[in-house]
Amino acid sequence: MTDLESIKADKHNGHQPHHNNADLVESEPLTWRFWRKQRYIVVLMAFFGFFNVYSLRVNLSVAIVAMTENRTVTDADGNVSYEQDFPWDSKQRGLILSSFFYGYILTQFLGGYIGTKVGGNLVFGLGIGTTAILTLLTPLAAQHSLEMFLAVRIIEGVFEGVTFPGIHAVWARWSPPLERSRMASIAFAGNYAGTVIAMPSSGMLAARYGWASVFYVFGTIGVIWLILWLLIVRAGPEMDRFCSKEECEYIQKTIGYSGSKKIKHPWKAFFTSMAFYAIIASHFSENWGFYTLLTQLPSFLKDTLNFDLGKTGFISAVPYLAMGILLAVSGYLADWLQVKGIWTTTQVRRNFNCGAFLAQTVFMMLTAYIMDPTWSVVFITIAVGLGAFAWSGFAVNHLDIAPQHASVLMGIGNTFATIPGIVSPLLTGYIVGDSGDRYEWRLVFFISAGIYLVGCVIYWFYASGELQEWAKTPEQKAAEAEEKQLQLTQTTGFINTAADLKE
């Protein structure tokens, strides 16, 4: 095969010149013994970080059921009465569940911007750690007043808002292009591991030790993780004493920059890029369905399908167990399809994302129509589980189109994608009254299905997996110019040779 044919084959397979991955290999390849590669220790710690992100976020979804539950009380004379710790109605519960996102939406962009300046490891770690400390104070705040409770939840959101942009700043320094999907997906699986464990555990803790124990247990776990994260993880491989010189060079060469230079963000290009708008639309759509279920599923199961509190936590966790497992599968499969040249990066992102969204649309519609205790749980589990493939689409797409600016893009995108976290619980609170009528819930599921479908259409037409022109560094542009010149020289040589043979 000639050099020109090789270049054409690389382009057909989606291997762009700026990656140069074919020529870069490690003397010790990646195996199941992940601990030999420091970048996968970072992935493991990020997994447990996201475990805390979501366990700290979702514990209230279960705890609030216990906090507002009407309990039957029989006094010494045999008189029966009812009591509850907090007499909040459905609208107030919706406000409480959405209050976290009022703070969360404010720091998305800030987290991405600061992450590029001081290091994503600090932003990610301190964001989660501070949220954990505030979680420990939540029972005091709730007993003080509703206003104080709302204030603490909003401040928790402020600090947790920097986590997703912060981790993208970490990936921008640590993840080789052909490992991005699996590294990010494994870490993001921590979200669902946290949900899977926090939901049933919160139900058991609340039933056995009281609702306050939910916040004390998960807050303590978060503080322990913060200490370990700060001791183990650094902003980039060149700063990590545990990262070998060979691994550091491999990561930096495949990424194409060391991260040590001052980064200038092309703000105008961000907001005129249709590829970026496709990511935002997809992220918004996935979060609408996800946050609707995350905050409302325990209430739906208890009030509409008549599950008791103990079972509610376990059953609510099942869809997220499916998603956590499928995330690891989807991340590995996405990378494998690219490495083997079966699909280009653009094809992987588009097909995974839109395939998941279409399936979620169908199963949300089925949930709305069936309203059966068994089949509703099955359909919701399938809908949430298949969302794992969407996360191997839009969630790592920022690193494809602009790796140096990925944390800022994630911050901007997640600002818009947080709107569902605010609007969805409030809207559900207004649509579904205290009675938990199944026809009112049907409208909630119809809305989610429609938003999935809109996100699917937008992403299909405008998504890209290629490095955008505005995101290329001067070194990458110079390398591409040199590559084009080489191709031109080779093409001219072939033409001259053909002409000589003809003569």
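Quick note: numbers below take in every heavy atom, side chains included, and nothing from hydrogens, waters or symmetry partners.
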Fit a plane to each ring of [X] and [Y], take the angle between them on a 0 to 90° scale, and name the class: parallel (under 30°), tilted (30 to 60°) or perpendicular (over 60°).
X	Y	value
Phe164	Trp391	tilted
Phe352	Trp343	perpendicular
His265	Phe270	tilted
His283	His398	perpendicular
Tyr320	Tyr192	parallel

If the test is ring pair (Phe, Tyr, Trp, His ring centres under 6.0 Å), which one of [options] qualifies with [X]?
X	options	value
Tyr291	Phe101, Phe100, Tyr54	Phe101
Trp229	Phe48, Phe124, Phe47	Phe124
Tyr369	Phe363, Phe446, Phe445	Phe446

Straight-line distance of [X] [atom1] to [Y] [atom2], nearest 0.5 Å:
X	Y	atom1	atom2	result
Asn121	Met239	CG	CE	7.0 Å
Ile167	Ile128	CD1	CD1	7.5 Å
Trp288	Leu293	CH2	CG	12.0 Å

Check: Just wondering, more than 12 heavy atoms not from Phe416 lying within 6.0 Å of its CZ?
Finding: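 Not more than 12 within 6.0 Å, no.
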Check: For atom OH of Tyr113, is the number of surrounding heavy atoms from other residues, nucleotides or ligands below 6.0 Å larger than 12?
Finding: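 Open.
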Item checked: Distance-minimising heavy-atom pair for Ser285 and Phe357 ->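 Taking every non-hydrogen atom into account, CB-CE2, 3.8 Å.
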Checklist line | Shortest non-hydrogen separation from Asn59 to Ser202 and the atoms involved | finding: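 Here Asn59 and Ser202 meet closest at CB-OG, 3.6 Å.
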Note to self: Against the six-membered ring of Tyr439, is Arg442 placed for a cation-pi contact (under 6.0 Å from the centre, within 45° of the normal)?
What the structure shows: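 No - Arg442 does not lie over the ring of Tyr439 by the 6.0 Å and 45° rule.
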Check: Cationic tip of Arg57 within the cone over Tyr104's six-membered ring, i.e. under 6.0 Å and within 45° of the normal?
Finding: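 Satisfied, under 6.0 Å and within 45°.
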Polar contact flag, side-chain donor to acceptor under 3.5 angstrom, [X]-[Y]:
X	Y	value
Ser407	Thr116	no
Ser282	Asn353	yes
Ser181	Ser392	no
Glu238	Gln252	yes

Notebook entry, point to check: Less than 4.0 Å between a side-chain N and a carboxylate O, is that true for Glu247 and Arg39?
Noted result: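 Yes, charged N to carboxylate O under 4.0 Å.
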Next item on the list: Run the numbers on Glu179 and Thr254 for side-chain hydrogen bond (donor to acceptor under 3.5 Å, both in side chains), then give the verdict.
Entry: CA-CA 10 Å; Glu179 295 177 27; Thr254 54; over 6 Å; no
